[in-house]
Amino acid sequence: MAADNLLLDLYPNAALAYSLRRLSSSFSGSPIRVRRSSDNAEQDIPFDGSGDLDTANLLSFVGSNDGFICDWYDQSGNGNNAFANSAANQAKIVSSGVVETDDTNGKPTSVWASDKYDLTNNVLTTIEYYNIVKIRRPNRNTNNITTIASSTTFPRILTWSPNGSGNTYVSNMDSQVSFGSSVLQSGYILDTYRQADGEMFLFRNNAQQGGTPNTTNVGSVLNRFGSRGAVFTTGEYQECILWNDNTYNDRAVIYDDLDTYYQ
Amino acid sequence: MEVLGYKYTVESEAVQARKECADYYGLPTSPDNITIYWVDYFEAVDNTPVFWYIVFDESVRAILGSPTTFDVDGNSVKK
């Protein structure tokens, strides 16, 4: 893969980056480590020559059983992997010998069923940050999705709540702000978030959603991927990137990259 | 927050329950593996008195039995 063409080549200052595709030409590792259900053995699954997940390698390892992601390797260069020590909380990537894929783009996806990961290192958010995730929320009534959060209830960056309300919440401190239930419906979404100068912004497909509610802006320590406290994620993830600096004005290019790859 | 799972008033009981689940599934299979447990347990630090709990997963019903529902106030810390 040529340098400077990938998303993190263009915008390299991510605090963490998990994806089933290659995001940086300088990242030479594997994107995920997988546990197979047959004997609980684990193996790193590499990219193929195109920078996609090497599904042939994956299926060769998992066979006709199930495969679960036990480690998301951080492609940002910070070594902040997201790992799950507990098997019951690992997202599925292979089901009965078939790679899980997104209904829309046909690319590999991870299916979360009350799952969560711990971060190797705490992430301290600063004055403003920008978060992009490529996730799917198939059922608004039952899915409960959290991006980067903490082992306690707060702080958390972005959540969807189930139970029919379908509200979308953004938080970076000791409270949350609701953007209402109309922001994110079922189906695939591209979502971004920025907090700066006491205002919150939420974007979907590069279109701002809701208002810009004011909130107190403080730094927070984040240490989880996919959960807040004891609330775990149910849904699908293909990618999650957190920039801990201001890429607000770069979002059009970032969305172009996402659109090109995923849609 | 209402949680479906297994509640323990003594931390050592939660540790033992976690071990029973790991043993049942033969974990860990290798010292180099990421996966060392089948389930985590949490401390409900804001409840009085403090207690410990495991969140229900269908895969542990055969080991830990039927779950119960209980309230967790504020934060929980993974142990």
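Every chain is numbered from 1 and lettered A, B, ... according to where its sequence line falls, protein lines coming before strand lines. Below, each value reflects all heavy atoms present in this structure, side chains not excepted, and no hydrogens, waters or symmetry copies.
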By a 4.5 Å heavy-atom criterion (distance strictly below it), what part of [X] contacts chain A: side chain, backbone, both, or neither?
X       : value
B/Ser30 : neither
B/Asp46 : neither
B/Val39 : both

> For residues 52-70 of chain B, which residue pairs qualify under salt bridge (charged side-chain N to carboxylate O under 4.0 Å, His left out), counting only residues two or more places apart or in two chains?
Replying inline: B/Glu58-B/Arg61
> Do any pairs count as a salt bridge (charged side-chain N to carboxylate O under 4.0 Å, His left out) and have a residue in residues 66-76 of chain A, sequence neighbours left out, and if so which ones?
Replying inline: A/Asp66-A/Lys92
> Is there a donor-acceptor contact under 3.5 Å from the side chain of A/Tyr117 to the main chain of A/Asn89?
Replying inline: no
>> Closer than 3.5 angstrom, by distance alone: can the side chain of A/Ser30 be matched with the main-chain N or O of A/Ile32 as a donor-acceptor pair?
In response: no
> What residues of residues 13-25 of chain B sit under 4.5 Å from chain A when you count only heavy atoms?
Replying inline: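 Against chain A, the residues of residues 13-25 of chain B that fall inside the cut-off (heavy atoms, under 4.5 Å) are B/Tyr25.
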> Would a line drawn from the ring center of B/Tyr53 to the ring center of B/Phe42 be shorter than 6.0 Å?
Replying inline: yes
>> Applying side-chain contact (heavy atoms from CB on, under 4.5 Å), can you list everything that pairs with A/Ala113, at least two apart in sequence or on another chain?
In response: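 Checked A/Ala113 against side-chain contact (heavy atoms from CB on, under 4.5 Å); matches are A/Asp115.
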>> Looking at A/Asp102 and A/Lys107, is any side-chain nitrogen of the basic one under 4.0 Å from a carboxylate oxygen of the acidic one?
In response: no
>> Tell me whether the rings of A/Phe47 and A/Phe27 are parallel (<30°), tilted (30 to 60°) or perpendicular (>60°).
In response: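 It falls in the perpendicular class, over 60°.
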> So which of A/Ser86, A/Ala88, A/Ala41, A/Cys70 has the biggest tally of heavy-atom pairs under 4.5 Å with chain B?
Replying inline: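 Of the options given, most contacts go to A/Ser86.
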